[in-house]
Enquirer: 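This is the structure, below, for whatever I ask next.
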Amino acid sequence: MRKVVVSTGNRGKFEEIKEIVREVLNAESIMATDLFHDYRGVNEGDDYFTNALLKASVLAVHSDIPVLAEDSGLEIPCLGDAPGPHSSRLGGSSATDEDKIRLILEKMKSAEDRQARYICTAVLMDHRGRYVRGYGTVEGVIAKEKKGEKGFGYDPIFYYPLAGKTFAEMEAPEKNAVSHRRKAIEALAEKIKKVNFWNM
Ligand code: ITT
């Protein structure tokens, strides 16, 4: 089976990517921190694609195995599309997922437009810096209170109308079938075929 190194320090994200990569790319995933013990991530900026490219490139040059990285975020139009690429940094470096959710619910206390979307840009890069990219998004609504224990990050307040529950109430395969991450990796798979990435 092919392998990819996943350039992330986020275990929840890795668990989802691992399943999606197995199904969509027919490849096995290795978490960056299990291979590069001093992996510390990168200093992220304001742009999903640049962040994903950066996360992939810091490892790709050191790896015979292609590196998969993604940058994702939650966009809420009534908050000017915040927190967006800053989703993991909302509330500062010591803020927990719980703190971040509290901050969003507080900001949206009287919001009527509760529309939201998750965004994901994924990059697969080889050791020579050649890459393919994929983009995915999923639409939802910010719930008035959190519900569910599954998933990670903002999932307890990301209500998915088509399932009638939050992402945190959905089993992993159910979320992985419709998520922004799934769509980004599927788009990536199309590009892989087009440019014959594995044999470039
Ligand atoms: P890496 O950079 O190491 O991959 P990270 O958590 O910092 O880990 P990002 O910079 O891509 O990753 O930030 C994405 C944040 O957006 C993530 O930490 C969550 O807060 C949120 N997010 C993205 N996708 C999500 C999902 O499927 N469910 C819940 N929250 C999500």
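Counting convention: from 1, in listed order, for ligands and their atoms alike.
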Enquirer: Considering Tyr48, Phe167, Phe152, Tyr39 one by one, which has a heavy atom nearer to atom 25 (C) of ligand 1 than any of the others?
Expert: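 Among Tyr48, Phe167, Phe152, Tyr39, the closest heavy atom to atom 25 (C) of ligand 1 comes from Phe152.
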Enquirer: Could I get the full list of side chain to side chain contact (heavy atoms under 4.5 Å, CB included) partners for Thr8, not counting sequence neighbours?
Expert: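 Thr8 satisfies side chain to side chain contact (heavy atoms under 4.5 Å, CB included) with Val6, Asn10, Lys13, Phe14 once adjacent residues are dropped.
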Enquirer: For ligand 1, which atoms have a heavy atom of Glu44 less than 4.0 angstrom away?
Expert: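 Here the atoms of ligand 1 in question are 2 (O), 7 (O), 10 (O).
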Enquirer: Other residues, nucleotides and ligands only: do more than 12 of their heavy atoms fall within 6.0 Å of NZ on Lys191?
Expert: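 Yes, because the 6.0 Å sphere around NZ of Lys191 holds more than 12 heavy atoms from other groups.
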Enquirer: Would you give the length of the straight line joining atom CD of Glu139 to atom OH of Tyr160, rounded to the nearest 0.5 angstrom?
Expert: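 The CD atom of Glu139 sits 10.0 Å away from the OH atom of Tyr160.
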Enquirer: Measure the distances from the heavy atoms of Gly41 to every atom of ligand 1 and state whether one is below 4.0 angstrom.
Expert: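 False for this residue.
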Enquirer: Identify, by atom number and element, the atoms of ligand 1 in contact range of Lys55, meaning under 4.0 Å from any of its heavy atoms.
Expert: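 Per the distance check, 1 (P), 2 (O), 4 (O), 9 (P), 10 (O), 11 (O), 12 (O).
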Enquirer: Minimum distance, heavy atoms only, to atom 15 (C) of ligand 1: which one of Pro156, Ala95, Ser87 is it?
Expert: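 Result: the heavy atom closest to atom 15 (C) of ligand 1 is in Ser87.
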Enquirer: Classify the side-chain pair Ser179/Asn176 by whether it contains a donor and acceptor separated by less than 3.5 Å.
Expert: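 The criterion, which ignores hydrogens and geometry beyond distance, is not satisfied for Asn176 and Ser179.
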Enquirer: Test of understanding: clusters of I, L, V, M, F, W, Y form through side-chain heavy atoms closer than 4.5 Å, transitively. Do Val4 and Val67 belong to the same one?
Expert: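 As far as the 4.5 Å side-chain criterion goes, Val67 and Val4 are not connected within one cluster.
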Enquirer: Around atom 23 (C) of ligand 1, find the nearest protein heavy atom and jot down its residue, atom name and distance.
Expert: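 Nearest neighbour among protein heavy atoms for atom 23 (C) of ligand 1, to 0.1 Å: Ser72 OG, 3.3 Å.
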Enquirer: Using a strict 4.0 Å cut-off to heavy atoms of Gly153, name the atoms of ligand 1 that fall inside it.
Expert: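 With Gly153 as reference, the close atoms of ligand 1 come out as 29 (C), 30 (N).
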Enquirer: What residue and atom, counting heavy atoms only, is the protein's closest point to atom 31 (C) of ligand 1, and at what distance?
Expert: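 Of every protein heavy atom, Tyr118 CE2, 3.6 Å lies nearest to atom 31 (C) of ligand 1.
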Enquirer: Counting from 1, what ligand 1 atoms have a heavy atom of Asp155 closer than 4.0 Å?
Expert: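 Numbered from 1, ligand 1 contributes 26 (C), 28 (N), 29 (C).
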Enquirer: To check your reading of the model: name the closest protein heavy atom to atom 8 (O) of ligand 1, its residue, and the distance in Å.
Expert: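 Result: Asn10 CB, 3.5 Å.
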Enquirer: Using a strict 4.0 Å cut-off to heavy atoms of His180, name the atoms of ligand 1 that fall inside it.
Expert: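 Once the distances to His180 are compared, the set is 24 (N), 25 (C), 26 (C), 27 (O).
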Enquirer: Among all protein heavy atoms, pick out the one at the shortest distance from atom 7 (O) of ligand 1; state its residue, atom name and that distance to 0.1 Å.
Expert: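 Of every protein heavy atom, Ser88 OG, 3.2 Å lies nearest to atom 7 (O) of ligand 1.
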Enquirer: For atom 20 (O) of ligand 1, what is the nearest protein heavy atom, given as residue, atom name and distance?
Expert: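 Heavy-atom neighbour on the protein nearest atom 20 (O) of ligand 1: Tyr154 CE1, 3.1 Å.
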Enquirer: Say whether, by atom type as modelled, one donor and one acceptor occur between the side chain of Lys183 and the main chain of Thr137 under 3.5 angstrom.
Expert: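 A pair under 3.5 Å: yes.
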Enquirer: Can you sort out which atoms of ligand 1 are near Lys175, meaning under 4.0 Å from one of its heavy atoms?
Expert: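 Answer for ligand 1: 26 (C), 27 (O), 28 (N).
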Enquirer: Is there any salt bridge (charged side-chain N to carboxylate O under 4.0 Å, His left out) pair reaching into residues 53-62, and which pairs are they, with sequence neighbours excluded?
Expert: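 Qualifying pairs, neighbours excluded: Glu44-Lys55, Lys55-Asp71.
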Enquirer: Among Val138, Thr8, Asn51, which residue places a heavy atom closest to atom 1 (P) of ligand 1?
Expert: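 Among Val138, Thr8, Asn51, the closest heavy atom to atom 1 (P) of ligand 1 comes from Thr8.
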Enquirer: If you count the atoms of ligand 1 from 1 in the order shown, which ones are under 4.0 Å from a heavy atom of Gly9?
Expert: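 Once the distances to Gly9 are compared, the set is 3 (O).
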Enquirer: Between Glu19 and Arg22, is the closest basic N to carboxylate O distance under 4.0 Å?
Expert: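 Salt bridge between Arg22 and Glu19, a charged N being under 4.0 Å from a carboxylate O: yes.
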Enquirer: Could you tell me whether Arg102 and Glu98 make a salt bridge, using a distance below 4.0 angstrom between a side-chain N and a carboxylate O?
Expert: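 Looking at Glu98 together with Arg102, the answer is no, because their closest N to O distance does not fall below 4.0 Å.
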Enquirer: Would you kindly say whether Ser72 and Glu70 are connected by a side-chain donor-acceptor distance under 3.5 Å?
Expert: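 Distance-only check passes for Ser72 and Glu70.
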Enquirer: Specify the protein heavy atom at minimum distance from atom 11 (O) of ligand 1: its residue, its atom name, and the distance to 0.1 Å.
Expert: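 Going atom by atom, the protein heavy atom closest to atom 11 (O) of ligand 1 ends up being Lys13 NZ, 2.8 Å.
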Enquirer: Would you please determine whether Asp71 falls within less than 4.0 Å of ligand 1 on a heavy-atom basis?
Expert: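 Yes, Asp71 has heavy atoms under 4.0 Å from ligand 1.
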Enquirer: Do Glu174 and Lys150 sit within salt-bridge range, that is, some charged N less than 4.0 Å from a carboxylate O?
Expert: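 Between Lys150 and Glu174 there is no salt bridge, as every charged N stays at least 4.0 Å from the carboxylate O atoms.
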Enquirer: Give the numbers and elements of all ligand 1 atoms closer than 4.0 Å to a heavy atom of Arg181.
Expert: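 Those of ligand 1 that fall under 4.0 Å from Arg181 are 23 (C), 24 (N), 25 (C), 26 (C), 27 (O).
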Enquirer: Please identify which of these residues, Lys146, Lys165, Lys175, Lys147, meets the salt bridge (charged side-chain N to carboxylate O under 4.0 Å, His left out) condition with Asp155.
Expert: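 By the salt bridge (charged side-chain N to carboxylate O under 4.0 Å, His left out) criterion, Asp155 pairs with just one of Lys146, Lys165, Lys175, Lys147: Lys175.
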